[in-house]
Amino acid sequence: MMLSIGICPVCAAGPLGLRQCGVCRRVVVLCDECDVAWRTDDPTRPGSYGQETMPCPGCSADLWTAGATWATREAVAATPWLVKHLPTLVESPAREPQR
């Protein structure tokens, strides 16, 4: 399951999931459909686009491998810029990488 905070403004279809990097443990907003990632919960700012991999905007580790997972409520609660979303987080099925 994936926690999400809305729908992607780039593709207008994918949920904005919360992914935790397996290397730096940063929680990032990642569209589960088009693979755009943001460092903050403001998807109106430019995001990072992946090619063969989806690089973490913090350390460049692949957000689909290297121990990365969908963030837990505890990880979100420990991320100051995401705390305001705790009451409205939506749980939804997440796709698994096809890599």
Side-chain angles (χ1 to χ4, degrees):
M1 292 302 275
M2 170 185 65
L3 298 173
S4 67
I5 61 170
I7 298 298
C8 178
V10 175
C11 70
L16 294 174
L18 301 174
R19 190 88 177 158
Q20 188 167 26
C21 177
V23 176
C24 71
R25 307 308 295 162
R26 177 186 303 253
V27 176
V28 299
V29 176
L30 174 67
C31 176
D32 193 39
E33 182 67 29
C34 69
D35 291 343
V36 176
W38 290 268
R39 288 182 189 223
T40 71
D41 65 343
D42 183 3
T44 62
R45 301 179 64 107
S48 300
Y49 294 83
Q51 300 291 327
E52 292 290 317
T53 64
M54 183 62 240
C56 172
C59 72
S60 297
D62 189 355
L63 289 171
W64 289 123
T65 61
T69 61
W70 292 110
T72 62
R73 288 185 181 274
E74 293 78 19
V76 173
T79 306
W81 55 267
L82 281 173
V83 171
K84 66 184 177 186
H85 292 285
L86 279 173
T88 59
L89 288 176
V90 175
E91 286 189 20
S92 59
R95 69 181 167 92
E96 290 304 315
Q98 300 297 314
R99 298 170 180 30

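All values below were derived from every heavy atom in this structure, side-chain atoms included, with hydrogens, water molecules and symmetry-related copies excluded. The residues of the chain are indexed from 1 along the displayed sequence.
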Considering all heavy atoms of both residues, which atom of [X] and which atom of [Y] are nearest to each other, and what is their separation?
| X | Y | value |
| --- | --- | --- |
| Met2 | Pro15 | CE-CG, 3.4 Å |
| Met1 | Trp70 | O-CB, 3.8 Å |
| Ala13 | Ile7 | N-CG2, 3.9 Å |
| Trp38 | Cys8 | CH2-SG, 3.9 Å |
| Leu63 | Pro55 | CD1-O, 3.9 Å |
| Asp32 | Ala94 | OD2-CA, 3.7 Å |

Side-chain contact, heavy-atom cut-off 4.5 Å: [X] with [Y]?
| X | Y | answer |
| --- | --- | --- |
| Met54 | Asp62 | yes |
| Glu91 | Leu3 | yes |
| Val29 | Pro43 | no |

Self-check item: Approximate separation, where rounding is to 0.5 Å, of Cys11 SG and Leu16 CG
Solution: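 Separation between the atoms: 8.0 Å.
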
Self-check item: Rounded distance [0.5 Å steps], CD1 in Ile5 versus OG1 in Thr88
Solution: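 These two atoms lie 8.0 Å from each other.
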
Quiz prompt | Whether Arg26 side chain and Cys56 backbone form a donor-acceptor pair below 3.5 Å | solution =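 No, the answer is negative, given that no donor and acceptor are paired below the 3.5 Å cut-off.
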
Quiz item: Under 4.5 Å between side-chain heavy atoms, hopping through other hydrophobics if needed: is there a path connecting Trp64 to Val23?
Solution: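 Looking at the clustering, Val23 is in a separate group from Trp64.
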
Exercise. Only counting residues at least two apart or in another chain, list the ones meeting side chain to side chain donor-acceptor pair (under 3.5 Å) with Arg25.
Key: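 Applying side chain to side chain donor-acceptor pair (under 3.5 Å) to Arg25 gives Gln20.
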
Output side-chain donor-acceptor pairs under 3.5 Å for residues 72-87, partner residues at least two apart or in another chain, one line each.
residue: Thr72; atom: OG1; partner: Glu74; partner atom: N; Å: 3.4
residue: Thr72; atom: OG1; partner: Glu74; partner atom: OE1; Å: 3.3
residue: Thr72; atom: OG1; partner: Ala75; partner atom: N; Å: 3.1
residue: Thr79; atom: OG1; partner: Ala75; partner atom: O; Å: 2.8
residue: Lys84; atom: NZ; partner: Asp41; partner atom: OD2; Å: 3.3
residue: His85; atom: NE2; partner: Asp41; partner atom: OD2; Å: 2.6

